[in-house]
Amino acid sequence: MKAIQTMEVIHSIADLRSRIREYRRKNDGSVGFVPTMGYLHEGHASLLRKARSQSGLVVLSIFVNPLQFGPGEDFERYPRNTERDLEVAEAAGADLVFMPSVSEMYPTPTRTTVAVSGLTSRLCGASRPGHFDGVATVVSKLFHIVQPDQAFFGLKDAQQVAVIQQMVQDLNLPVEIVPCPTLREQDGLAMSSRNVYLSDEERKQALVLSQALDKAKEFVLSRPNFNTAELESLVRKHIATAPLAVIDYAEVLAFPTLEPFENSTHTHSIILALAVKFGKTRLIDNVIIQLRK
Ligand code: PAF
């Protein structure tokens, strides 16, 4: 049973707070939250459906957060389509859609930011300096505004999930983080709002990412004593079969600590994380593999 019959779109923090307070006063169901930057695809819809199945009230935020984009990145041209987003949100069961303006979220120069150390020094944290400070800051603001019981995040951004879990633990935020599986197109490409940037040829060649991850998984599971350098090299070689691919990183780390991984240690899960550019488009993908230790 939906808490609210017709989905509501809310632009101000005060209105959202009062709507959620009203829900909590009248109901004892939980509040589930799905933060996004919009241009919703089936991956976002799956997060909303999961939230719908577990929560009394489902809140979606759509906010392209300038703080997490570096100079020269795609903040200005990040794809936006509000009309379609609202259709997807409604069909997937959202109750409230929070769409603040930049000035609503950052009304004065921001002097307080949240930075999670350690976990952010590798992978996207190394390639995109300041990115995770922007993510941690906006997610912590959104958590304070929505005060959800559960928040749902996709594992395509596995480093983001690890960073947010650490922030929640360190700051004693009363929210459960629910990591959700990556959704893929039929041919294996991980769903991403940025896939729309790819030309037909880039889209075709981008399949090397999921293929490389499949190969890596097979390699790891069939060789319990595998060597990390050998694994990384296998993955790099496969990606290099796509002439347009330019590797930013292809790394194997312990998960969720994101510490360097040695196959002699008692790590139970590893992540093979990829960031690869096709033309101007930088795609990320990963596989998390449970080791039989
Ligand atoms: O994953 C995203 O879309 C963004 O990083 C998030 C979590 C909505 C914060 O802006």
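Whatever order the structure lists ligands and atoms in, that order sets their numbers, starting from 1. Given the structure is predicted, the values throughout are model-derived calculations rather than measurements.
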Check: Does Thr36 reach ligand 1 with a nitrogen or oxygen that is under 3.5 Å from one of the ligand's nitrogen or oxygen atoms?
Finding: no
Next item on the list: Please examine the side chains of Phe278 and Leu209, heavy atoms only from C-beta on, and report whether any two atoms are closer than 4.5 Å.
Entry: yes
Check: Looking at Val138, which atoms of ligand 1 are within less than 4.0 Å of one of its heavy atoms?
Finding: 9 (C), 10 (O)
Note to self: Using a 4.0 Å cut-off to any heavy atom of Gln160, which atoms of ligand 1 qualify?
What the structure shows: 1 (O), 2 (C), 4 (C), 5 (O), 7 (C)
Next item on the list: Mark yes or no: Arg49 above the aromatic ring of Phe152, with NZ or CZ under 6.0 Å from the six-membered ring centre and no more than 45 degrees from the axis.
Entry: no
Margin query: Quick test of your reading of the model: are Asp248 and Arg128 salt-bridged, counting only N-O distances below 4.0 Å?
Written below: no
Note to self: Between Glu251 and Arg122 (salt bridge meaning N to carboxylate O under 4.0 Å), is one present in this structure?
What the structure shows: no
Note to self: Please list, in number order, the atoms of ligand 1 under 4.0 Å from a heavy atom of Gln68.
What the structure shows: 4 (C), 5 (O), 9 (C), 10 (O)
